[in-house]
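Following: one structure in structure tokens, then a few remarks.
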Amino acid sequence: MRNIVIVGTGGAGKETRWLIERINVVTPTWNILGYIDVEPGEDVIGDDSFITETTEDLDVVIAMGSMERRKFLYELYGKNPRVHFPNLIDPSATISDKVTMGEGNIICAGAILTVDVKIGNQNLINFNCTVAHDSVLGDFNTLNPNANISGSCTLGNLIEVGTGAQIVQGKKIGDETHIWAGSCVIKNTKGRCEVVGVPAKTVLKF
């Protein structure tokens with residue numbers, strides 16, 4: 001059993017603990033030491049220094065909705081060579097053997113990733129999301145529940161796809177795009193914008 005800590009005590013943290021427990025039922029893998037947070041609380045075992053100063057091998061999962069925060073902490077913790085970022089995949093997720101991924105990804109119950117899909121680091125793929133053939137996801141993206149990524153799409157970094165949103169075949173989504181819940185994206189986005197609607201339109205650039 002490998003020691004693991006969960007960074008974040010919010011909803012994502014609690015759901016990630018449940019995910020680890022579900023994995024352990026099928027394949028006993030991790031010993032959950034507790035949560036990491038700046039504020040004391042139930043099962044909180046320390047702050048960031050617990051990770052940055054560890055001298056023993058430690059698995060770390062960053063369970064936070066904020067993509068920017070995930071990026072910051074991934075870079076901070078990654079300076080310690082004893083820290084590792086496992087991919088957590090729910091036993092009910094369906095993933096082909098032709099999917100490649102980096103590290104620190106969270107793939108929740110009911111997710112489906114088909115063939116020749118490439119995923120970077122620290123992506124959160126939530127309940128019942130689908131990612132179809134030949135699609136590429138960069139780093140620090142969040143797919144909220146029931147989001148659908150069609151085939152041959154390319155998503156950059158720090159992108160949030162809202163609950164029930166859809167991206168049609170072959171679209172390119174630029175860095176820091178926020179796609180609102182229920183939207184249907186039928187055009188490429190250049191990034192640093194918010195898009196909403198069916199079909200989705202850009203409502204804010206920043």
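Note that the numbering runs from 1 along the sequence shown for the chain. This structure is a prediction, so every number in the text was calculated from the model and none was measured.
The two residues Q169 and C153 make their nearest non-hydrogen contact at C-SG, 4.2 Å. Scanning both residues, A63 and T16, for their nearest heavy atoms gives CB-OG1, 3.4 Å. Between N121 and E103 the shortest heavy-atom distance is OD1-N, 2.8 Å. Across all non-hydrogen atoms, the minimal contact from N144 to E160 is ND2-OE2, 3.0 Å. Across every non-hydrogen atom of A132 and G151, the tightest pair is CB-N, 3.4 Å. In terms of heavy atoms, P28 sits closest to M1 at C-SD, 3.6 Å.
Taken to the nearest 0.5 Å, the CD atom of Q122 stands 9.0 Å off from the CG atom of N87. For the atom pair SG of C129 and CG of N146, the computed distance is 7.0 Å after rounding to the nearest 0.5 Å. Distance check, rounded to the nearest 0.5 Å: OG1 of T9 to CZ of R17 gives 12.0 Å. Here N123 contributes atom CG and N105 contributes atom CG; the two are 5.0 Å apart, rounded to the nearest 0.5 Å. A distance of 11.0 Å separates CE of M67 from CG of D175, quoted to the nearest 0.5 Å. Note: K98 NZ to D134 CG = 11.0 Å, rounded to the nearest 0.5 Å.
The shortest side-chain heavy-atom distance between N126 and C108 falls under the 4.5 Å cut-off. Using a 4.5 Å cut-off on side-chain heavy atoms (C-beta onward), K71 and N157 make no contact. Taking 4.5 Å as the limit, every side-chain heavy atom of Y74 sits out of range of all side-chain heavy atoms of V60. Two residues are said to be in side-chain contact when any heavy atoms from C-beta on lie closer than 4.5 Å; R22 and S92 meet this criterion.
Residue F127 belongs to a hydrophobic cluster whose other members are W18, with links defined by side-chain heavy atoms closer than 4.5 Å. In this structure, I159 shares a hydrophobic cluster with I89, I95, V99, M101, I107, L113, V117, I119, I125, V131, L137, L143, I149, L155, V161, I167, I173, I179, V185, V195, the cluster being traced through Ile, Leu, Val, Met, Phe, Trp and Tyr side chains under 4.5 angstrom apart. In the hydrophobic clustering (ILVMFWY side chains linked at under 4.5 Å, chained through shared members), I6 is joined by I4, L19, I20, I23, W30, I32, Y35, V44, V61, L88, I106, L124. Alongside V168, the hydrophobic cluster contains I186 (criterion: ILVMFWY side chains under 4.5 Å).
No side-chain donor from either of T52 and N80 sits under 3.5 Å from a side-chain acceptor of the other.
Checked by atom type and distance alone, the side chain of T114 pairs as donor or acceptor with a backbone atom of H133 at under 3.5 Å. A donor-acceptor pair under 3.5 Å is absent between the side-chain atoms of R82 and the main chain of L58, judged by distance alone. Although no hydrogens or angles enter the test, the distance criterion places no donor-acceptor pair under 3.5 Å between the side chain of T142 and the main chain of S66. With S183 contributing its side chain and G197 its backbone, the two residues share a donor-acceptor pair below 3.5 Å. Judged by distance alone, with hydrogens and angles left aside, the side-chain atoms of N141 form a donor-acceptor pair with the main-chain N or O of L158 at under 3.5 Å.
Within a 6.0 Å radius of CD in E75, other residues, nucleotides and ligands contribute more than 12 heavy atoms. Heavy-atom contacts from other residues, nucleotides or ligands closer than 6.0 Å to NZ of K171 number more than 12.
A chain of hydrophobic side-chain contacts below 4.5 Å, direct or via other Ile, Leu, Val, Met, Phe, Trp or Tyr residues, connects L76 to I62.
Considering only residues two or more places apart in sequence or on other chains, H84 meets the side-chain contact (heavy atoms from CB on, under 4.5 Å) condition with R2, D57, D59. With sequence neighbours excluded, no residue satisfies ring pair (Phe, Tyr, Trp, His ring centres under 6.0 Å) with F50.
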